[in-house]
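Working notes, structure below.
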Amino acid sequence: MRVAAVGDRIFVSVFGLIGADKFRVDSDEEFRSTITELVRRGEYSMIIVPERYLDLTREIRSELVAEGRIEPIFAFVPEKGLNKRVEELRELVSLAVGIRLEI
């Protein structure tokens, strides 16, 4: 199982220490193109990204689900002051049960 870390210099350096392949990006556009290429190549089972990029991965994650693919798994690392992943999970559970959840 190969793991990739995509993010800023410090983020990828930390995950590089535990053996992840590092992909440094400096802009949203560079992030999108890097993620698209990594998924296209199909070499990674997991892609680790900072939570701030959650919205930029939504489309590609939806495409993977539509294709029935289970890899790569996207692992979002929480960042102080952001709750994007929690909000996304709340929306998905609300859709599944048919009512808006408030936590």
Side-chain angles (χ1 to χ4, degrees):
M1 175 170 102
R2 289 182 68 187
V3 176
V6 181
D8 62 37
R9 181 182 59 81
I10 294 171
F11 184 86
V12 298
S13 294
V14 168
F15 286 98
L17 292 173
I18 60 170
D21 293 344
K22 303 180 292 186
F23 296 90
R24 180 180 171 184
V25 295
D26 295 315
S27 68
D28 289 355
E29 188 172 298
E30 191 176 2
F31 175 82
R32 268 193 205 101
S33 66
T34 300
I35 289 293
T36 301
E37 178 63 19
L38 292 176
V39 170
R40 186 194 65 75
R41 288 179 10 200
E43 298 174 6
Y44 294 93
S45 298
M46 178 182 285
I47 300 174
I48 304 169
V49 297
E51 184 179 24
R52 76 186 89 132
Y53 293 122
L54 180 80
D55 295 334
L56 294 178
T57 64
R58 189 164 295 168
E59 184 178 332
I60 199 156
R61 289 184 291 130
S62 294
E63 290 172 8
L64 291 170
V65 169
E67 294 170 6
R69 293 177 55 187
I70 60 170
E71 287 186 347
I73 295 169
F74 282 84
F76 297 97
V77 177
E79 296 179 271
K80 186 175 181 166
L82 292 179
N83 290 317
K84 288 184 172 219
R85 185 65 179 151
V86 172
E87 288 299 320
E88 182 181 64
L89 290 172
R90 182 180 308 153
E91 288 174 25
L92 292 172
V93 171
S94 294
L95 283 172
V97 299
I99 58 171
R100 175 89 175 136
L101 295 178
E102 296 295 329
I103 299 173

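We count residues from 1, following the sequence as given. Reckoned from all heavy atoms, side chains included, excluding hydrogens, waters and symmetry mates.
In this structure, Leu38 and Ala4 approach most closely via the heavy-atom pair CD1-CB, 4.1 Å. In plain terms, the two heavy atoms of Pro78 and Glu51 that are nearest each other are CA-OE1, 3.5 Å. Residues Pro50 and Val6 come closest through the heavy atom pair CD-O, 3.2 Å. Nearest heavy atom pair, residue Phe74 against residue Thr57, reads CE2-CG2, 4.1 Å. Heavy atoms only, all atoms of each residue included: Gly7 and Val12 are closest at N-CG1, 3.4 Å.
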Check the pair Ile35 / Val25 against side-chain contact (heavy atoms from CB on, under 4.5 Å), numbers first and verdict last. CA-CA 10 Å; Ile35 289 293; Val25 295; over 6 Å; no
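Under a hydrophobic clustering in which Ile, Leu, Val, Met, Phe, Trp and Tyr are joined whenever their side-chain heavy atoms come within less than 4.5 Å, directly or via other members, Phe11 and Met46 fall into the same cluster. Note: the hydrophobic cluster containing Val3 does not contain Val39 (ILVMFWY, side chain heavy atoms under 4.5 Å, direct or indirect links). Hydrophobic clustering, with ILVMFWY side chains joined whenever heavy atoms are under 4.5 angstrom apart, groups Ile47 together with Leu56. A chain of hydrophobic side-chain contacts below 4.5 Å, direct or via other Ile, Leu, Val, Met, Phe, Trp or Tyr residues, connects Val77 to Met1.
Looking at residues two or more places apart in sequence or on another chain, you find a salt bridge (charged side-chain N to carboxylate O under 4.0 Å, His left out) between Arg24 and Asp26. Residues that satisfy the side-chain contact (heavy atoms from CB on, under 4.5 Å) test with Ser33, not counting sequence neighbours, are absent from this structure. For Thr34, there are no side-chain hydrogen bond (donor to acceptor under 3.5 Å, both in side chains) partners at least two apart in sequence or on another chain. In terms of the salt bridge (charged side-chain N to carboxylate O under 4.0 Å, His left out) criterion, residue partners of Glu67 (sequence neighbours excluded) are, by chain and number, Arg69. Taking the side-chain contact (heavy atoms from CB on, under 4.5 Å) definition, one finds that Glu37 meets it with Arg40, Arg41, sequence neighbours left out. Annotation: side-chain contact (heavy atoms from CB on, under 4.5 Å) contacts of Ile73 (sequence neighbours excluded): none.
Between Arg58 and Leu54, some side-chain heavy-atom pair lies under the 4.5 Å cut-off.
Within 6.0 Å of the CD atom in Glu63, the count of heavy atoms belonging to other residues, nucleotides or ligands exceeds 12.
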Could you give the side-chain donor-acceptor pairs of residues 14-23 under 3.5 Å, partners two or more places apart or in another chain?
residue	atom	partner	partner atom	Å
Asp21	OD2	Arg2	NH2	2.7
Asp21	OD2	Tyr44	OH	2.7

